[in-house]
A.B. asks: 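To start, I am sharing the structure in question, which I have written as C-alpha cells.
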Amino acid sequence: MGYIEPAPIKDKENPFESMMSRFHIAAQHLGLNDEVYNVLKNPTKQVIVSLPVTMDDGSIKVFEGYRVIHSNILGPSKGGVRYDMGVNLDEVKALAAWMTWKCAVVDIPYGGAKGGIKCNPREMSAGEIERLTRAYTNNMIEIFGADRDIPAPDMGTGPREMAWMMDEYSRTQGMTVNAMVTGKPLVLGGSLGRTEATGRGVMVSAMAAMEKLKINPYQATAAIQGFGNVGSWAAILMEERGVSIRAISDVSGAYVNEKGIDIQKAIEHRNNNKGSLEGFDGADRIDGAELLTLDVDVLVPAAMEDVITMQNVKDIRAKLIVEGANGPTSAKADQFINEKGIMVAPDILANAGGVTVSYFEWVQNRLGYKWTAERVNRRSDRIMKEAFNTVYKISKEYDVPMRIAAYIVAIDKVAKTYSFRGGF
Ligand code: NAD
C-alpha cells in the first residue's frame, strides 16, 4: 500500500468518492497490494454511446447512453440500466463498482457493471422508449452477452425494457438468448420470487442482525423509508415475523402509528392510489425527514442514496440500520454511526437479495428450466444468511464496522481471484 494516496472525503460527496473512501479503508485493513488496488480503483471498461432516436413528432433526438464494466474477473459482469436525467459517468462508475462488491459479498460468480441513459422516461411515449432501448442494446451488442455482460432493470426501467433488450439482442444472434438479461417478464424466462427478492433479503439481513443484537422481533419496532418495491416488501415480510412497523414513507410524506401500521392496508391504499401513500388514514402524517430520527429499533432506508448525512446522523436513535437502498449513508456519516454503536447491515450486503435472484434467473435460463418460488426463496434466504454471517465474523475478526467488513469480504475475494488468475 506504499504510494496509494488517501481517498478524500469531502462535505458534498459524489458517489464514486463515497465508494472509494470505504474501499480504501477496507484495502488498508486487508493489506491489499498496490497492483490490485490500482486495478480495482479503475473500471475495466467504460462505454459512452450516442443514440439517435426518432421521436413521435418525427424529429430526431440524440440521447447519451453509458455502460461501465467495473470488473469481470469473477465472471460475466452484472448490473442494471438506469433511465434518468441525472445519469452521468461518475454515478454509473460508482454503481458498477458497487455491483462488483455486492456480487462478491454474496458469493455469486459475477463481476460488476452498470448502465444508463440520460433521459426522462416519464415524458416519453412507450414507442419512443422502445426505440431508445433497442438503439442502446444494438450499440452494446459487443458488450452484452449471457457470458459477457448481463443487464437488468434499475431506476426508470423494468420488465418491459428488459423484454425489448432481449428481443433486440436475440435478433442479432439469430436465436432467442434469454440469459443475456435478467428482470424479464415471467413468460420470457423471468424468475418467480424476483419481485420480492430485494425486500426479502432486507428482511433476512434484519432478522440475522436482530439475532446478533439480541433483539426479539416480537418486541421490536421499525421505521421504513420508501414504500416502493424494496420498502413495501421488507415491511410486509418483517411484519410477518413479528416486527411492529411504526412508520413508513414515500415522496408524499411519512406516516406513523405508535401501535404499528397495518402494512397490508397501506399496500392496498398505495395500489389503489396510483402508487402513492397520500391520504393513508391508518397513521398520522409527519414530515418525511422525521422518520429517520424516530425512536425505533430498526431503521430501513429503502428509497434513495444520501439520506443519512452529517445533517441528521447525530439524531438517529435506531439500534440497527438495514440499508435497502444503494448508498443511503454518506461516507462521512459512517463515522458517527460507528461512534454511536449502531449496527449497519450495509447496502452491498442487505440489498443483495435482488442480484442473487437475478443470478437464479440466469441459472434457470441456462438450464432451460423453471424453479418454484419456494426453491428460489429457500436458496436466496440461505445465501443472504450465510453472507450476513461471513460479514459479521469478519467484522469481529478485524474489529471493524459491518460496512468495512463487507468490503473486506468482497475485495479479498476479488484480490484472491487476481492472485490465481494473474495476467497483468
Ligand atoms: P421504487 O421506485 O419502487 O420505490 C422507491 C420509493 O421511495 C417510492 O415509494 C418513492 O415514493 C420513495 N421515495 C423517493 N424519494 C423519497 C424521499 N425523499 N423520502 C421518502 N420516500 C421517497 O424503487 P425500489 O426498487 O424500491 O428501490 C429503492 C432503493 O433500493 C433504490 O436505492 C434502489 O437503487 C435500491 N435497490 C433496489 C433493488 C430492487 O431490486 N428493486 C435492488 C437493490 C437496490
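Remember, it's 1-based here, ligands and their atoms both numbered in the order they're listed.
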A.B. asks: Under a 3.5 Å threshold, yes or no: a donor from one side chain and an acceptor from the other, between D149 and S77?
C.D. replies: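 Yes, side-chain donor-acceptor contact under 3.5 Å.
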
A.B. asks: Just checking, any donor-acceptor pair under 3.5 angstrom between side chains of T182 and S358?
C.D. replies: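 Judged by distance alone, the side chains do pair up.
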
A.B. asks: Please determine, by modelled atom types, if S252 and D250 share a side-chain donor-acceptor pair under 3.5 angstrom.
C.D. replies: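 A pair is found: one side chain offers a donor N or O, the other an acceptor, under 3.5 Å apart.
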
A.B. asks: Just to confirm my output: which protein heavy-atom neighbour is closest to atom 8 (C) of ligand 1, and how far is it?
C.D. replies: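 Nearest neighbour among protein heavy atoms for atom 8 (C) of ligand 1, to 0.1 Å: G228 N, 3.8 Å.
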
A.B. asks: How far is atom 23 (O) of ligand 1 from its nearest protein heavy atom, and which residue and atom is that?
C.D. replies: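 In this structure, atom 23 (O) of ligand 1 has N229 N, 4.6 Å as its nearest protein heavy atom.
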
A.B. asks: Among all protein heavy atoms, pick out the one at the shortest distance from atom 40 (O) of ligand 1; state its residue, atom name and that distance to 0.1 Å.
C.D. replies: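 For atom 40 (O) of ligand 1, the nearest protein heavy atom is T198 OG1, 2.6 Å.
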
A.B. asks: Give the residue, atom name and distance (to 0.1 Å) of the protein heavy atom nearest atom 31 (C) of ligand 1.
C.D. replies: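 Protein heavy atom at minimum distance: A303 O, 3.5 Å.
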
A.B. asks: For atom 28 (C) of ligand 1, what's the nearest protein heavy-atom neighbour? Residue, atom name and distance, please.
C.D. replies: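 For atom 28 (C) of ligand 1, the nearest protein heavy atom is A302 O, 3.4 Å.
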
A.B. asks: Between ligand 1 and G354, is the shortest N or O to N or O distance under 3.5 Å?
C.D. replies: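 For ligand 1, there is no N or O atom that lies under 3.5 Å from one belonging to G354.
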
A.B. asks: Considering only protein heavy atoms, which is closest to atom 24 (P) of ligand 1, and at what distance to one decimal place?
C.D. replies: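 Scanning the protein heavy atoms, the shortest distance from atom 24 (P) of ligand 1 goes to V230 CG2, 3.9 Å.
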
A.B. asks: What residue and atom, counting heavy atoms only, is the protein's closest point to atom 19 (N) of ligand 1, and at what distance?
C.D. replies: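 For atom 19 (N) of ligand 1, the nearest protein heavy atom comes out as Q225 NE2, 3.8 Å.
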
A.B. asks: Are side-chain N/O atoms of R200 and S380 paired as donor and acceptor at under 3.5 Å?
C.D. replies: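 Distance-only check fails for R200 and S380.
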
A.B. asks: Is the positively charged end of R366 above the ring of W362, judged by distance under 6.0 angstrom from the centroid and angle within 45° of the axis?
C.D. replies: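 Verdict for W362: a cation-pi partner in R366.
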
A.B. asks: In this structure, does ligand 1 have an atom that sits under 4.0 Å from one of the heavy atoms of G288?
C.D. replies: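 No.
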
A.B. asks: For W371, is the NZ or CZ atom of R379 found under 6.0 angstrom from the centre of its six-membered ring and inside 45 degrees of the ring axis?
C.D. replies: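 Yes, a cation-pi geometry.
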
A.B. asks: Could you tell me whether the side chains of E323 and N351 share a donor-acceptor contact shorter than 3.5 Å?
C.D. replies: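 Side chains of E323 and N351: no pair found under 3.5 Å.
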
